[in-house]
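Note sheet for the following structure.
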Number of protein chains: 2
Amino acid sequence: MTTMSTPAAQRPRATMKHVAALAGVGVKTVSRVINDEPNVTPATAERVWNAVRELDYQLDLQAGSLRRADGRTRTLGLLVGSVDNPFAGAIHRAVEDIAAARGVAVFASSMDDDAGRESEAVRAFLQRRVDGLILTTASDHPEYLSLLRDRGLPVVYVDREPMESDVDTVASDNRAGAAAGTAHLVAHGHRRIALLTDRLDLVTARERRLGYLDALAQAGIPVSEELIVTGLHDAKDAAAALGRLLSSHEPPTAVFSAQNLITIGALHALRDAGRSHSVALVGFDDVALADLLDPGVTVVAQDPQQIGARAADRVFARLEGVEDSPSRIVVPVRLITRGSGEIEPPERS
Amino acid sequence: MTTMSTPAAQRPRATMKHVAALAGVGVKTVSRVINDEPNVTPATAERVWNAVRELDYQLDLQAGSLRRADGRTRTLGLLVGSVDNPFAGAIHRAVEDIAAARGVAVFASSMDDDAGRESEAVRAFLQRRVDGLILTTASDHPEYLSLLRDRGLPVVYVDREPMESDVDTVASDNRAGAAAGTAHLVAHGHRRIALLTDRLDLVTARERRLGYLDALAQAGIPVSEELIVTGLHDAKDAAAALGRLLSSHEPPTAVFSAQNLITIGALHALRDAGRSHSVALVGFDDVALADLLDPGVTVVAQDPQQIGARAADRVFARLEGVEDSPSRIVVPVRLITRGSGEIEPPERS
DNA sequence: GTGAAAGCGCTAACAA
DNA sequence: TTGTTAGCGCTTTCAC
C-alpha cells in the first residue's frame, strides 16, 4: 500500500572505512579528524570532512568504547522512584544538564520502590556499560553494591542513603526537616499531630518518622501510635487513611505528611471532610500550586535540583579520578509557611 | 586519606572468554547459554551458569550489537520538551514501561523548544545507535529527518507533528480541544476571551490558536488582536502578560491558556489581581491540584500516558517490520469542568 | 552438541 | 603527517 521510495531500500549506514575510501586516506586519519586529534594537515582534514558530509557519516560511539583505553561509553544510568514524579523530574533535569555538557547521555529508569525492579534496572545499566550510576534505592543493603565496587564503577545514591558506610550519597536532611515541620505545628499549639508516611523499610520514611518523634519528644508530647499511619504509597491511600483518622473518636488537630503524593492525598481528605481550614497540615516536599490553594500549603521544601546537580558532580569527579573517601552530602530543606501549617487547634481538644 | 581496600585495585570485568575458560567450554557455547539458544546439554549449561555466577559475569550488549545480524542495541531515544515537565514525565513513564517489557532501555533528553538542542540530541542518539526514536520537535521541518529515513530508523513524533507528510505521529487533538475549551467560555456568555499561548512557530501553539479562532468564528465573535498574547514560554511570562491584560482599558472577561505552565502563570495573575472568582479560565492540559483550587480549574485535559504508550507501540511495530503507511494518531482530549471555566461575565461589559 | 575462525566499527600501538 | 595491523567482546558461519 506504500507509495514512492522503495521501502526497505535504505542507504546502508556509512562506516569510517567508507569515509576513508571516499577521502582517499586511511581510517586512522579519519579517526584523527573526527576526534579532533592533532597531526593532520588542514587540507587532509577538509577532505575528510567533505566525505563525512557526503555520506552523512555518524561516529559509532559504542564501537569506539569497545577499544578505547578508558573503555568509557559516555553514558550514565539514572534510577528514580518514577520518572513521572515531579521530585524525580527535577533531579533528572539537573543530572541531564550536567551530563549533556560533557557529551554524556542518560538512561533513566523507574523502580517504584521495588527492590526487584531496582536490581533489574541496575543490571540493564551494567549490560550497557554505563560509566556511572545515580541511584535511588528501595533497599538498605542493595545486593548489587559489592559488584559495583569490585568493578570500580562510580555510584552516587540520591534521596535515599543505604546503610552501607562507604558510598557516596546526596539527600535531603530528612530527619531535621521532619522535626522542623512537626515542631512548627507544635509551636502553633498542636498536641494531637498525625503522621502520614510511607513504608518504614524505606529509609526516608524511617528518618522522617524519627524527626517527627524528635519534635514530639522535644515538646514533651507523648506519642499516640493511633496517630501514626505508615505504609502509605500514593495519594489515594493517604486520603483514605486521613479520612479514617478524621472521623475517629479523637481526631488529630494537625497532620504532618511525609511525602508529596501523601500531601496531595491529605489535601483531598481534608477538603472532603470540610476540615481544610480547621485541621493544620505541613507536608514534606513541595507540591505544585501549593501557594494558590486556600489555605496555602505549608511545606518543608526539598531542593531536588540541587540533589541532582551535586550527585552528577560527584559521579563526574569520581570519573575524573577523585579518590577521596565517600561523602554523604546533606542538602538543606526549607520551611515555607503558606497558611495550612499555621492553623491553630480548637480552644479545647 | 582512604582506609581499607586498595583503591584502584578492582577486579577486571569478566568477559565471555573468562567464563568459557572457567567452565571449560568454548566461547560460542557460553554465548548459546547466555542467550538461551538451543543445542546445549543441561549439564554444560549448568557449568556455564556456575562460571557466570562465580565471575559475576555481565553480558556486554554493546559489543554484541556490533556483530549481531539485526544490529540492534536494545535502546531507544526519547526527546521531550523537558524531563522536568509533568506532561513529559507521563509520556516518559509510558514509553519506559513498554520498552522495559521488551528489554529495551531509554535515553531521555530535553530540548527546551530549541531546534539546535533538538538536532544535537538526535545526533547524540544516532551516535549511540538507538534502535528507534520518539521525538518532540521544535521545528516544522526537522533537518535531520531525511537522514533518519535513509537509515530506515523508526521515528515517531509525539505532541508536535512536523509538516512532513510521511511520518508517524501521536498527538492530542489540539485544534478541536482548543475550540472546545474556548466554546465552553462562549457558552457561558463570554465575548472578550483572551488567548495566552506559546511561540507561534511551534505547531501546537498554532493549532490551539486556530481552535480558539474557530470557536470565536462559530459564535460570530470578532477577533480582538489585543486579547491574543503569543510567545509565552513559562509561568512567569504568562503571569506578567495576563497581569497587563487585566489592568488594561478593556480587560478580558475570560482567559483560554494554551499550555500547563501558562495556566499556572494565569492562575497567579488572577489571584494577584483578585479576579480568580470574576474572570473565567480554561486551560489546555491538566495541572496538578487543579481540582483543589477555589475555584477548581476547568481544563481541556490531554492524555500523555496514552500518547507515550501509542508512540512506543508504533516504534516497536516498525521495528518488527510493519511497513504500512505513516499514521497520524490523534489522542482525544477531554473537557473537565471544575468551576473556573463556568464563571459568567459581569452583567454589562 | 560443540568449537574455531572471521569480522562488526572503532582506537591503540607502532611503523613508515 | 600518515597508514597498517591488531584486537576490544561479542555473534556469525561453518566445520566437526
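Order of the sequence lines fixes the chain letters, A, B, ..., with proteins taken first and strands second; residue numbering starts at 1 for each chain.
Residue whose closest nucleotide on DNA chain C sits further toward the 5' end, between A:K28 and A:T15: A:T15.
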(message) Checking B:S82 against A:R93 for the side-chain hydrogen bond (donor to acceptor under 3.5 Å, both in side chains) test, could you report, in this order, the C-alpha distance in whole Å, the side-chain angles of both residues, the deciding distance, and whether it holds?
(response) CA-CA 7 Å; B:S82 171; A:R93 182 59 204 252; 2.9 Å; yes
(request) Start with the C-alpha distance between A:R128 and B:D60, add both sets of side-chain angles, then the distance that settles salt bridge (Lys or Arg N to Asp or Glu O under 4.0 Å), and finish with yes or no. (result) CA-CA 6 Å; A:R128 286 170 179 84; B:D60 186 332; over 6 Å; no
(request) Using the side-chain hydrogen bond (donor to acceptor under 3.5 Å, both in side chains) rule, take A:S65 and B:Q62 through it: C-alpha gap first, then chi angles, then the decisive distance, then the call. (result) CA-CA 9 Å; A:S65 71; B:Q62 323 255 54; 5.0 Å; no
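At whole-Å resolution of the value, CZ in B:R68 and C1' in D:dT11 are 8 Å apart. At whole-Å resolution of the value, CE in A:M16 and P in C:dG9 are 12 Å apart. Taking atom CG of residue A:L66 and atom P of nucleotide D:dT11, one finds them 12 Å apart after rounding to whole Å. For the pair B:R72 CZ and D:dT11 C1', the computed distance is 16 Å after rounding to whole Å. For the pair B:D60 CG and D:dG7 C1', the computed distance is 14 Å after rounding to whole Å. Distance NZ (A:K17) to C1' (D:dT5): 13 Å, rounded to an integer number of Å. Rounding to whole angstrom units, CG of residue B:D70 and P of D:dT11 are separated by 11 Å. Atoms CD (B:Q127) and C1' (C:dG9) sit 13 Å apart, rounded to a whole Å.
Within 4.0 Å (heavy atoms only), A:L59 reaches sugar-phosphate atoms of the nucleic acid but no base atom. B:V27 comes within 4.0 angstrom of nothing in the nucleic acid, heavy atoms only. Across all strands shown, B:A20 has no heavy atoms under 4.0 Å from either base or sugar-phosphate atoms.
Between A:Y157 and A:Y144, the ring planes are parallel. Angles under 30° get that label, and only those over 60° would be called perpendicular.
Distances shorter than 4.0 Å separate some side-chain N or O of A:T29 from OP1 or OP2 on D:dG3. For the OP1/OP2 pair of C:dT11 and a distance below 4.0 Å, the side-chain nitrogens and oxygens of A:S31 include at least one atom meeting the criterion.
Between the base of D:dG3 and the side chain of A:R32 there is a donor-acceptor pair shorter than 3.5 Å.
Taking every heavy atom of residues 34-52 of chain A and every atom of DNA chain C, pairs under 4.0 Å involve A:N35, by number.
Looking at the side chain of A:R67, the nearest of the listed nucleotides C:dT11, D:dG9, D:dC10 is C:dT11. Among the nucleotides C:dC10, D:dT12, C:dA12, the one closest to the side chain of A:A63 is C:dC10.
Counting heavy-atom neighbours within 6.0 Å of A:R32 CZ, excluding the residue itself, gives a total above 12. Open room surrounds CD on A:E46; 12 or fewer heavy atoms of other groups in view lie less than 6.0 Å from it.
At a threshold of 4.5 Å between non-hydrogen side-chain atoms, the residues A:F125 and A:S109 count as touching.
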